[in-house]
Undergrad: 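Please see the structure below; I have some questions.
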Amino acid sequence: MELLRIKTKHLKDVVDLTELVQSVIRKAAMKEGLCSVFVTHTTAAVTTGEIGEGTEQDFLQIVEHMIPRIQFRHAHDPSHAWSHMAASILGPSLTIPVSAGSLVLGTWQSVMLVELDGPRERSVYVSLIAAEPVTQKTGRG
Amino acid sequence: MELLRIKTKHLKDVVDLTELVQSVIRKAAMKEGLCSVFVTHTTAAVTTGEIGEGTEQDFLQIVEHMIPRIQFRHAHDPSHAWSHMAASILGPSLTIPVSAGSLVLGTWQSVMLVELDGPRERSVYVSLIAAEPVTQKTGRG
Amino acid sequence: MELLRIKTKHLKDVVDLTELVQSVIRKAAMKEGLCSVFVTHTTAAVTTGEIGEGTEQDFLQIVEHMIPRIQFRHAHDPSHAWSHMAASILGPSLTIPVSAGSLVLGTWQSVMLVELDGPRERSVYVSLIAAEPVTQKTGRG
């Protein structure tokens with residue numbers, strides 16, 4: 001498991017993690033398996049999507065429209081309640097296949113850290129699990 | 001894999017699974033790896049978030065606002081159609097890293113079972129995968 | 001890891017992947033572990049839910065209602081911007097436990113490929129990770 005420390009720039013932000021996650025796989029020299037990306041916060045999330053040409057601003061605006069700002073009960077810090085809801089709905093975890101030492105992603109598909117209460121430094125954990133045991137079974141199958 | 005049987009208390013409810021999932025890791029004596037949490041229902045979901053101080057009621061109210069109650073086609077049981085939609089949108093699966101024998105979570109981050117059609121007894125499966133193979137490779141790298 | 005090539009039939013569509021994913025597990029002869037399902041596209045997603053009796057049409061209509069069609073900035077192809085947003089919100093990845101050689105799913109729970117910009121041929125990757133190492137540890141615990 002490796003910890004990535006990501007500095008976000010805005011109150012709501014999208015950061016492309018693809019190259020950072022790929023570098024963890026390269027360092028581990030893992031060829032085949034699964035890569036887990038997990039954000040240990042309640043006001044940030046991870047997903048995949050196209051980045052660039054305004055797509056990330058569209059995404060953040062859609063999330064703003066989709067999740068209403070109701071009268072929140074949350075006593076601890078009402079100003080962050082919306083960010084908590086958005087993070088729980090988008091989710092903290094992503095599991096991506098690794099093949100030939102690389103993340104298996106589509107042409108326009110990037111790993112996105114979604115900042116919902118920034119700017120802050122965020123912790124993202126990358127865990128790798130090799131697939132050898134199953135590969136051997138497949139070979140015998 | 002271990003099965004957790006969770007009794008929910010309300011039509012819509014949030015149950016904190018963090019300690020129950022942690023106890024499965026302790027029992028398995030797994031130090032490093034991944035923990036998968038999966039709910040085998042179509043009207044319940046799992047995610048992470050802050051629990052307490054009204055946050056879970058805020059979350060359930062936000063989901064109610066976010067997902068409209070349209071005229072559903074679902075013939076089998078129209079009254080449950082909204083619950084099905086909400087569960088598919090929030091998702092049934094979560095993958096959390098494990099380090100030094102503990103779930104890697106943020107300070108305010110709990111594992112949440114989201115009940116959308118309760119009260120009921122729900123089945124949540126916790127699966128553990130050790131990371132040793134990759135850890136060894138990293139050591140050689 | 002195995003690649004499933006899925007032909008979707010409509011602009012928005014839901015395809016039941018359950019049997020195809022189960023056949024990958026059968027071929028690999030894996031008994032216990034985790035199955036990762038990942039779609040390598042930015043306008044399609046995976047989740048689980050009930051399929052049949054109009055449920056999938058309800059789901060697609062709910063997603064249409066939930067995610068507003070705002071004035072998108074996305075320059076590359078504005079007509080696809082909504083599909084990008086919906087795919088990032090629903091998410092590309094799913095991790096399902098495997099026990100006794102079968103996916104662990106609820107009675108009405110199917111693995112759903114959600115097409116948001118079809119009809120197209122979509123790539124879905126199925127990766128298997130055996131759980132033996134942890135199972136042994138549990139035995140010793």
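Reminder, nothing fancy here: chain letters follow the sequence lines and each chain counts from 1.
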Undergrad: Tell me whether C:Glu115 is salt-bridged to C:Arg120, with the criterion being a basic N under 4.0 Å from an acidic carboxylate O.
TA: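 The answer is no: the pair does not qualify as a salt bridge.
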
Undergrad: Heavy-atom pairs under 4.5 Å with chain C - which of A:Leu105, A:Ile89, A:Val104 has more of them than the others?
TA: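 Highest number of heavy-atom pairs under 4.5 Å: A:Val104.
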
Undergrad: When only heavy atoms count and the cut-off is under 4.5 Å, which of residues 92-103 of chain C reach chain A?
TA: C:Pro92, C:Ser93, C:Thr95

Undergrad: Does the C:Gln109 side chain pair with the main chain of C:Gly106, one donor and one acceptor, at a distance under 3.5 Å?
TA: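 Pair found, side chain donor or acceptor close to backbone of C:Gly106.
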
Undergrad: Does atom CD (C:Gln71) have a neighbourhood of more than 12 heavy atoms from anything else shown, all under 6.0 Å?
TA: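 12 or below, so no.
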
Undergrad: Regarding A:Glu50 and A:Thr55, do their side chains bring together a donor and an acceptor under 3.5 Å, going by distance alone?
TA: no

Undergrad: Under 4.5 Å from any heavy atom of chain A, what part of C:Ser88 do you find: side chain, backbone, both or neither?
TA: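 For C:Ser88, the contact with chain A is made by backbone and side chain together.
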
Undergrad: Testing C:His80, C:His84, C:Arg122 one by one against C:Thr43 for a side chain to side chain donor-acceptor pair (under 3.5 Å), which residue passes?
TA: C:Arg122

Undergrad: Check whether C:Val126 gets within reach of chain A through its side chain, its backbone, both or neither, counting any heavy atom under 4.5 Å.
TA: neither

Undergrad: Measuring only between side-chain heavy atoms, which start at C-beta, is C:Thr48 closer than 4.5 Å to C:Trp108?
TA: no

Undergrad: Do the non-hydrogen side-chain atoms of C:Ile67 and C:Trp82 ever get within less than 4.5 Å of each other?
TA: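 Contact flag for C:Ile67/C:Trp82 side chains = yes.
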
Undergrad: Would you mind telling me which of C:Ala45, C:Pro68, C:Ala87, C:Gly33 has the largest number of heavy-atom pairs within less than 4.5 Å of chain A?
TA: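 Winner by heavy-atom pair count: C:Pro68.
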
Undergrad: For the residue pair C:Phe38 and C:Val46, establish whether any side-chain heavy-atom pair is separated by less than 4.5 Å.
TA: no

